[in-house]
There are 2 protein chains.
Amino acid sequence: MAVTLAEVAAACRVSISTVSRALSDPDKVNPQTRARIERIAQQLGYAPSRAARSLVSGRTDAIGLLVPDIANPFFPPIMKSVLSRARDKGYAVLLADSDEHAADESELARDLGRQADGLVIASPRTGETELAELAAQFPVVFVNREVAKAENVVIDETEGIREAVEHLVALGHRQICYLAGPRRSWSNQQRRTALARACTELGIELTELGPFEPQIQAGLRAADLAHSGGATAVIAYDDLIALGMMARLTERGMQAGREISVIGIDDSPMSAVAHPMLTSIHVPAAELGSAAVDLLLARLRSGESSAPARTVRLETRLVIRGSTGPAPVDRR
Amino acid sequence: MAVTLAEVAAACRVSISTVSRALSDPDKVNPQTRARIERIAQQLGYAPSRAARSLVSGRTDAIGLLVPDIANPFFPPIMKSVLSRARDKGYAVLLADSDEHAADESELARDLGRQADGLVIASPRTGETELAELAAQFPVVFVNREVAKAENVVIDETEGIREAVEHLVALGHRQICYLAGPRRSWSNQQRRTALARACTELGIELTELGPFEPQIQAGLRAADLAHSGGATAVIAYDDLIALGMMARLTERGMQAGREISVIGIDDSPMSAVAHPMLTSIHVPAAELGSAAVDLLLARLRSGESSAPARTVRLETRLVIRGSTGPAPVDRR
DNA sequence: CGACTGGCTGCTAACGTTTGCAGCAATAGT
DNA sequence: ACTATTGCTGCAAACGTTAGCAGCCAGTCG
């Protein structure tokens, strides 16, 4: 079906090797014949067989991308930048979605790893040792997660969270409620401790509700809990929970930024649909993705080993919109 | 690095072919030796080389998935079902995102097609002839788009749209405004004509605004246009436009379901974040994806040709929530 | 004028599988 | 007791590519 090197060679009346060289190592072949070969290959519609090439080179020119939930709006921007960066570098992308099911992730990753040169893994929930095993087996870059002795691209929330707390303090809030994410989630732990630190430093009280799944539904539940608990300001584990919370508040006749101030984390594009628009801690999603790909490809080029396991740390900042406002006097 | 058939064979003191058969065609080998081989292969951690297998079989056990925009919440549910169905059937998924850039789609698809056994393509904008060429070159199933002589999985909006119009009529609306999607979008055309038909049949007036990009931003713009145009009820090309419109209405102190009734199409999960929740025409996203995979794999099994190019048509229905309400008396 | 160099090309092995064919026991059939 | 048959195993070719090695011709230098 597909046209092979042999057919091109026959049409050009040269050997297979010459055609191969003409197309993949042009300097080694006479300019004239090279031109002829290129022309004929072109008009015969020759395309090298990936499989054959893989077999001899040992590479697949593909990377695997594993995310916990495509439907979580946090991920698509990351995926998009992974896709475009990979494509720029000549790599295809194999996708897998673990459906927030940590138990399957290891197996999914292993399957992916078998068909790709390396992996980009966003896995908030899986255990550190399990991930370390993966990293020992394949070239892996972890996104939004720091695994010891592996390459990571992580978000440093401290600055954004500090700004958020300062912002709330400036608005007169004296107590902040954290709507926690999944207990085993790495970034939940990060955010939690960053928040705790910021709060003690600024001398205000921190409470916590949850854990909540990173889904809108959970946010609805969180809203009622937070309200009945008398909170005046909440910082949610992520935008989904924050958005769900706002939706529920509105439904109950309240408004974020008045009765309760709400801050999300991720600054996903969805924050614009809410009213008022969601104050959120912006994370540079596109950079997350492209940095991960760059790190991975560098690793691949550097011959698999030696490289001293870097961690890239990306800054966050607070984006103030309408969902935060002065602390209400009556409820303080 | 990786362990090969040859190494397993050596360890078992049998020939390579026997190992190969023991693992992929178990009936043809003595149960005892088979057991031994399986055990040893297992403990050596043998995994067949995809590349070598591909080379001889001509298959890659992967399918390509091309979508116009991962960040559009319409697609993730479809992608999820494609992923899980493909995985169930033993196929990996290669992903590409055209960024709503129709011009690149053909090339992206061709690249994908070269590395996969078949393609699932969601391409609203690209020209019919271009897609037909693709379908002639690779096994392709189109999602949410009907291409002649090719396999398609499409949404039949007529029922859902008819229900939507009836719903609005029942609420006293006498005029409906359609917030059009991209002019060249296939589903926009479908929705437009289905709407026109429903409106004439039910004897109410139809106007149109747009075109709008399927993005929240466009919805904000649409809101102001629709409001100043005096519309009492709009049906948007998709949920994103509808949600953007609602956000803008709220911002301007109005509420969907009172001053203006808003209906979206897609019923994406995001409809729950809006207040009031968005009345929308539900499309069975999961079925779209799995049907596409099933169709594609059937096609692959059936030996590439002969099969009489089916089109699977999925029904839609209206899901009524809070964004639709009685027509306001003062503005009718 | 002979040897050497260097540019170009072809032969061949190798990558790891699958698979048709042949060999070879042991069993069954006559 | 001899052939047919069956059940299992091994050999070798093939898939399409890359790359090391050797060969060849022309040109250059001594």
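So that the names make sense, note that chain A is the first sequence line, chain B the second, and so on, each numbered from 1. Everything numeric in this text was worked out from a predicted model, so none of it was measured.
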Could you check whether B:R110 and B:S106, counting side-chain N and O atoms only, form a donor-acceptor pair closer than 3.5 Å?
yes
For DNA chain C, what residues of residues 7-22 of chain A have any heavy atom nearer than 4.0 Å?
A:V14, A:S15, A:S17, A:T18, A:R21
Side chain to side chain donor-acceptor pair (under 3.5 Å) against B:S24, all qualifying residues, sequence neighbours excluded
none
For A:L5 and C:dG10, give me the distance from atom CG to atom P, rounded to whole Å.
13 Å
Are A:E213 and A:P182 side-chain neighbours, meaning at least one heavy-atom pair lies under 4.5 Å?
yes
Are B:Q115 and B:L94 side-chain neighbours, meaning at least one heavy-atom pair lies under 4.5 Å?
yes
Check: B:D294 main-chain N/O paired with B:R85 side-chain donor or acceptor under 3.5 Å
no
Any A:V14 side-chain heavy atom under 4.5 Å of A:R36 side chain:
yes
Pairwise side-chain contact, A:R125 with A:P68, heavy-atom cut-off 4.5 Å (strictly under)
no
So does A:R87 pair up with B:D111, basic N to acidic O under 4.0 Å?
yes
Residues of residues 57-64 of chain B with a heavy atom under 4.0 Å from any atom of DNA chain D, listed by number, are none
For B:D25 and D:dC8, give me the distance from atom CG to atom C1', rounded to whole Å.
13 Å
List in chain and number order the residues that pass side-chain contact (heavy atoms from CB on, under 4.5 Å) with B:S123, two or more places apart in sequence or in another chain; answer none if no residue qualifies.
B:E105, B:I121, B:T126, B:L131
Heavy-atom distance under 4.5 Å between the side chains of A:V154 and A:W186, does that happen here?
yes
Out of A:L295, A:L66, A:V143, A:V153, which residue meets the side-chain contact (heavy atoms from CB on, under 4.5 Å) rule with A:V120?
A:V143
A:T311 and A:A150 have their tightest heavy-atom pair at OG1-O, 4.4 Å
Within residues 38-55 of chain A: residues closer than 4.0 Å to DNA chain C (heavy atoms):
A:L55
note: B:R34, atom CZ; D:dT9, atom C1'; distance rounded to Å ~ 15 Å
Strand contacts (DNA chain C) in residues 109-116 of chain A, 4.0 angstrom heavy-atom criterion
none
Select one nucleotide: of D:dT9, D:dT18, C:dT18, the one nearest the side-chain heavy atoms of B:T33.
D:dT9
When all nucleic acid strands are considered with a 4.0 Å heavy-atom cut-off, which category describes A:V29: base, sugar-phosphate, or nothing?
sugar-phosphate
Is the shortest distance from a Lys or Arg side-chain nitrogen in B:D156 or B:R313 to a carboxylate oxygen in the other one below 4.0 Å?
no
